[in-house]
Student: 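This structure is in structure tokens; I'll ask about it shortly.
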Number of protein chains: 2
Amino acid sequence: MARTTGSDGEKTEAAVREAAVSLIARLGYEAMSMRQLAAEVGVQAAALYRYFPTKEDLLFTLMREHMEGLLNAWEAARPASADPVTRLAAYVENHIAFHIERRHATHVSNMELRSLSHERLTQILKMRTAYEKELRTILRDGAEAGAFEIDDTGLTAMALIQMMTGVIVWFRPGERLSLAEVTASYLSMTMRLVGATISHGTARPSGRAGDAVAL
Amino acid sequence: MARTTGSDGEKTEAAVREAAVSLIARLGYEAMSMRQLAAEVGVQAAALYRYFPTKEDLLFTLMREHMEGLLNAWEAARPASADPVTRLAAYVENHIAFHIERRHATHVSNMELRSLSHERLTQILKMRTAYEKELRTILRDGAEAGAFEIDDTGLTAMALIQMMTGVIVWFRPGERLSLAEVTASYLSMTMRLVGATISHGTARPSGRAGDAVAL
DNA sequence: GAATTAATTGAACGTTCGTTTTATTAGTGT
DNA sequence: ACACTAATAAAACGAACGTTCAATTAATTC
């Protein structure tokens, strides 16, 4: 046989991407075979090579677009305000919303870095560093303005990002906690962690707030 | 050829474990071949099967012993005191010390869970859950005693563990920060995050402390 | 409706994988 | 010195891997 009725390149490529993200997140990049991916899409393995020249190209494309999406989301969400507390809150809210929305893709981007070539790894890490730098800048500005009390800006940024990203490990939509509740809790924890002393306008979560922070 | 001069089963097995942890951490379980592992040990691939019946058995052994080590370390480090702040501090110190000391093994235990059979995965997760429960208990006790201010015990425990474990991603011994400095910073961040209000005896880190906590 | 292009199949290629089998040598107990 | 066991090498197994190629059909263009 050959071309099948109703076949459409764009649709197939989209299906491949979607299935790949899900399969790689579940099995891991090395454990997923091209034949497995093809079967998930409902196509023969050879057909995949019309859209991605190699398996690694497919992985890299998924990762690059994920990171670009993250940077774009922050670009769109970043507030005009110079108030560090507001900026930090926006960063936390955007980070959690984005990562919960794209749990599988985040998993792939965080776990499969070692399967990239050196050059492509560098490219992805550059984007990641740029994103983290945004947080460090907010923390430094806040510390200098006296709004935060922070030991070490770099260390605090890493701690916060790992804490927030970790949400994708245990959070399942529709379970005990809603996205809004989780976000509110993480916001509250973040503000305490950085010793925020200035309040901002976001609504309060379940009731308790910190001593040092009024949310 | 066959048995080589000076060959010793115990030494070979230890060398296999060590090399396996390092290789799996660097390449991933699926990407590491038994031949590669054998070459690292300086032996033929077939020799590995004298010590581990299958590749998955090897992985499972490494993981199980890592988790047992973690639980034992906490058992030994857990303070007799009932003071939640002291107990939380001990948990944080033990967690960071253990994970930095065994960065590679931690990486393996966190990243390669999906390569285990269902039954073995359950076994590892049971140990992990037991360890996390220790933290939840401390947090709940502290909250009930009024020593902590916590929104959600489970969520806070996950956030703390992910924050602390994340240290292995960026920490490199002998770089900018010492283990003691990192531990002190994480202790400080932890205490603020849980809204600790009671001080305890541990020495202060670099200078700044929180508003809510005096360390 | 013929020519062209797009999408896919089915079969095959060489390589590598985890694992098994058999043979051979080093060490150990007597 | 001799039997026995422990530790390995060497070779081979079938299966699965990523990828390529030629053939074939569906859709599109003119």
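Convention: sequence-line order gives letters A, B, ...; per-chain numbering from 1.
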Student: Tell me the interatomic distance from L59(B), atom CG, to dC17(C), atom P, rounded to whole angstroms.
Tutor: 17 Å
Student: For the pair made of CG in L27(B) and C1' in dT16(C), what is the distance, rounded to whole Å?
Tutor: 15 Å
Student: Distance alone, cut at 3.5 Å: any donor-acceptor contact between the side chains of S185(A) and D151(B)?
Tutor: yes
Student: With heavy atoms under 4.0 Å as the rule, sort F52(A) into base, sugar-phosphate or nothing.
Tutor: nothing
Student: Without decimals, in angstroms, what is the distance between R50(B) CZ and dG27(C) P?
Tutor: 15 Å
Student: Any side-chain N or O of Q44(A) under 4.0 Å from OP1/OP2 of dG10(C)?
Tutor: yes
Student: For nucleotides 19-22 of chain D, which of its nitrogen or oxygen atoms have a protein nitrogen or oxygen under 3.5 Å away, and what is each distance?
Tutor:
residue, atom, partner, partner atom, Å
dT19(D), OP2, Y49(A), OH, 2.8
dT19(D), OP2, K55(A), N, 2.8
dT19(D), O5', Y49(A), OH, 3.4
dT19(D), O4, R35(A), NH2, 3.4

Student: OP1, OP2 of dA16(D) versus side-chain N and O of S33(A): anything below 4.0 Å?
Tutor: no
Student: Hey, could you give me the CG/CD distance between L160(A) and E132(A), rounded to the nearest 0.5 Å?
Tutor: 11.5 Å
Student: Please check this pair: side chain of E181(B) against backbone of S178(B), looking for a donor-acceptor N/O pair closer than 3.5 Å.
Tutor: yes
Student: Quick check on dC17(D): is either OP1 or OP2 less than 4.0 Å from any side-chain nitrogen or oxygen of Y29(A)?
Tutor: no
Student: Can you tell me if K55(A) uses its side chain to pair, donor with acceptor, with the backbone of M32(A) under 3.5 Å?
Tutor: yes
Student: Less than 4.0 angstrom between a side-chain N/O of T12(B) and OP1 or OP2 of dT8(D), yes or no?
Tutor: yes
Student: Return the value, rounded to whole Å, for the distance between atom CG of L37(A) and atom P of dA16(D).
Tutor: 18 Å
Student: Between Y131(A) and H95(A), do the side chains contain an N or O donor and an N or O acceptor separated by less than 3.5 Å?
Tutor: yes
Student: Under 30°, 30 to 60°, or over 60°: which ring-plane class applies to H66(B) and H99(B), parallel, tilted or perpendicular?
Tutor: perpendicular
Student: Rounded to whole Å, how long is the line connecting atom CG of L48(A) with atom P of dC17(D)?
Tutor: 13 Å
Student: Can you tell whether the side chains of R17(B) and E13(B) come within less than 4.0 Å, N to carboxylate O?
Tutor: yes
Student: How long is the line joining CD of E13(A) and P of dT8(C), in whole Å?
Tutor: 11 Å
